[in-house]
Amino acid sequence: MGACAAAAACAVAAGCSANGAFSSAVSGASATSASTPARSGSPQGTAKGTANDGAPTIAAPGAACVAQVYRQLTLAQRVGQLFLVAVPADLAGSDTVQAVDAYHFGSVLLPKNDDGTAALSSATAAIQALAPTATGGVRFLVAANQEGGEIQQLSGPGFDVMPSELVQGTWATSALQAQAQTWGSQLRAAGVNLNLAPVMDVVPTATAASNAAIGALDREFGSDPQANGAHGVAYIKGMAEAGVASVAKHFPGLGRVSGNTDFTSDVVDNVTTANDPYLDSFRAVVNAGVPYVMVAEATYTKIDPSHLAVFSPVIMRLLRTGLGFKGVILSDDLGEAAAVASIPAAQRAIDFLNAGGDLITSQDIGPAEQMAAAVVAQASSSPSFRAIVDDDAQRVLAAKQAQGLLPC
């Protein structure tokens, strides 16, 4: 998230090839909707044409399972797959169980916790046990913000203390990849399969101290787009080798703003352009196959002055078409962030999906429940929006299938 609620609140494990490269778990996925410019193409495994129920025809290897599961899910369950929701401190307690049962949320985000890997493993197993009844058997993405330094949510026995990304950026990429594999193995031991890291934002050295979201917390690998890209690829490869998917964030970059979108509204970047060299760090991880990218909640006046990035079809199109990203697009926090507080919760979700996003992140269950109800209602009354929801659900399912989270 912007600063992951100041370090307190805030993968499709990509397959490693023989040459050590990793591939996106949603390779071939891209957004679709004739009514939304940011969406072009079809989700992974889909070909033009439709099945009897109106769903796209599945053609790619492994996609038969996605098609089977997709057809068996109710609309509410498909909508639930579009949410990554933070759970309370008791993790698998009654509030989590009730919310997952009622709204079918398909992915969860762990809060700050220092119990260690063994205790977390028991809690995450209890969450996964909810899948047969709540999510049609689709297992959960269990996420954490485990960047290092100020932003290391999970600690305690079994977890190393991670240095900041700024320190990681001084290491050789081979050393970072090896260390990331170790950190990823610790996450897997705790039942975590998605890491909301690494931060790919590039922060100019001269303004780092005044960059509240990233530079002031040493969350960036450094100030050079190419070096940041190389370190991001190494980090993601190491995590993938441990069976943990990564989320590159916060596109198109928070390195040249002053405010933190978690706590400040109207955060504006007046510098970044659609062909900006600072996008090269994101381009590197996209080219390497990162399966998830998180979009920021700032406004980029030289790209789309009319929308926050998270609600911008122009920004989504830049990521999809300009950088060629074919994976799952996450929002930054749409539940509690000050950047979106003036917008009704229901509208946040609908605007994000209409813009071209796939997976809605919420740091609080309450707003997530409002958003899910609104998405179901809108999909029930609008065929074009229903097509967007179904398309996004298939993309998320394809990502999960690559990690073995589907019941087939």
Side-chain angles (χ1 to χ4, degrees), residues 1-10 145 147 149-151 164-166 169 196-225 227-229 232 247-283 285 293-312 314-316 318-319 322-323 329-343 348 351-352 355 357 361 363:
M1 333 313 268
C4 301
C10 3
N145 273 291
E147 300 170 15
E150 296 281 345
I151 314 298
S164 69
E165 277 199 25
L166 192 60
L196 302 192
V199 170
M200 297 309 302
D201 308 341
V202 180
V203 183
T205 302
T207 57
S210 61
N211 177 237
I214 311 298
L217 300 174
D218 294 343
R219 297 176 69 197
E220 77 278 24
F221 285 120
S223 59
D224 177 74
N228 283 20
V247 178
K249 59 188 186 185
H250 312 75
F251 188 80
L254 290 172
R256 294 187 283 195
V257 302
S258 57
N260 181 337
T261 57
D262 283 341
F263 312 112
T264 308
S265 60
D266 301 320
V267 175
V268 177
D269 177 324
N270 290 313
V271 180
T272 302
T273 64
N275 59 356
D276 202 291
Y278 274 39
L279 298 182
D280 287 348
S281 58
F282 288 97
R283 185 171 282 108
V285 294
V293 172
M294 179 182 287
V295 176
E297 292 177 342
T299 300
Y300 297 81
T301 59
K302 291 192 174 181
I303 303 176
D304 182 357
S306 302
H307 301 90
L308 298 180
V310 76
F311 303 133
S312 169
V314 177
I315 297 287
M316 301 293 188
L318 174 62
L319 178 55
L323 273 67
I329 297 177
L330 281 77
S331 73
D332 206 337
D333 175 33
L334 293 182
E336 294 184 334
V340 297
S342 65
I343 304 168
R348 299 170 205 167
D351 287 352
F352 171 70
T361 306
Q363 284 282 3

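Values below: every heavy atom of this structure, side chains too, minus hydrogens, waters and symmetry copies.
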Determine the minimum heavy-atom distance between [X] and [Y], stating which atoms define it.
X: L334; Y: S331; result: CG-OG, 3.5 Å
X: L196; Y: M294; result: CD1-CE, 4.2 Å
X: M200; Y: A248; result: CG-CB, 3.8 Å
X: P225; Y: P277; result: CB-O, 3.4 Å
X: D333; Y: V340; result: O-CG2, 4.1 Å
X: L254; Y: A298; result: CD2-CB, 3.9 Å

**Study point:** Pairing residues for N270 by the side-chain contact (heavy atoms from CB on, under 4.5 Å) criterion, not counting sequence neighbours
**Key:** V268, T301
Should [X] and [Y] count as side-chain neighbours, where that means a heavy-atom distance under 4.5 Å?
X: T207; Y: R256; result: no
X: T273; Y: K302; result: yes
X: H250; Y: T261; result: no
X: L323; Y: F251; result: yes

Review point. Of all residues at least two apart in sequence or in a different chain, which pass the ring-ring contact (aromatic ring centres under 6.0 Å, His included) check with Y300?
Key: none
Rounded to the nearest 0.5 Å, how far does [atom2] of [Y] lie from [atom1] of [X]?
X: D269; Y: S258; atom1: CG; atom2: OG; value: 10.0 Å
X: T205; Y: N211; atom1: OG1; atom2: CG; value: 11.5 Å
X: F282; Y: D201; atom1: CZ; atom2: CG; value: 4.5 Å
X: I303; Y: L318; atom1: CD1; atom2: CG; value: 5.5 Å
X: F352; Y: L308; atom1: CZ; atom2: CG; value: 12.5 Å
X: S342; Y: R348; atom1: OG; atom2: CZ; value: 8.0 Å

Practice item. Could you tell me whether a side-chain N or O of D262 sits under 3.5 Å from a main-chain N or O of A337, the two making a donor and an acceptor? Key: no
Check your understanding: For N228 and S281, what are the C-alpha separation, side-chain angles and deciding distance, and is it a side chain to side chain donor-acceptor pair (under 3.5 Å)?
Key -> CA-CA 6 Å; N228 283 20; S281 58; 5.4 Å; no
Study note, to complete from the structure: Checking V203, L166, I151, V199 against D218 for side chain to side chain contact (heavy atoms under 4.5 Å, CB included), the one that qualifies is L166
Practice item. Using side chain to side chain donor-acceptor pair (under 3.5 Å) as the criterion, point out the one residue from E150, E165, E147 that pairs with R219. Key: E147
Check your understanding: Considering residues at least two apart in sequence or located in another chain, which fulfil the side-chain hydrogen bond (donor to acceptor under 3.5 Å, both in side chains) criterion with R283?
Key -> D280
Exercise for review: Apply the test side-chain contact (heavy atoms from CB on, under 4.5 Å) to residues V314 and H307: give CA-CA distance (whole Å), side-chain angles for both, the deciding distance (0.1 Å), then the verdict.
Suggested key: CA-CA 9 Å; V314 177; H307 301 90; over 6 Å; no
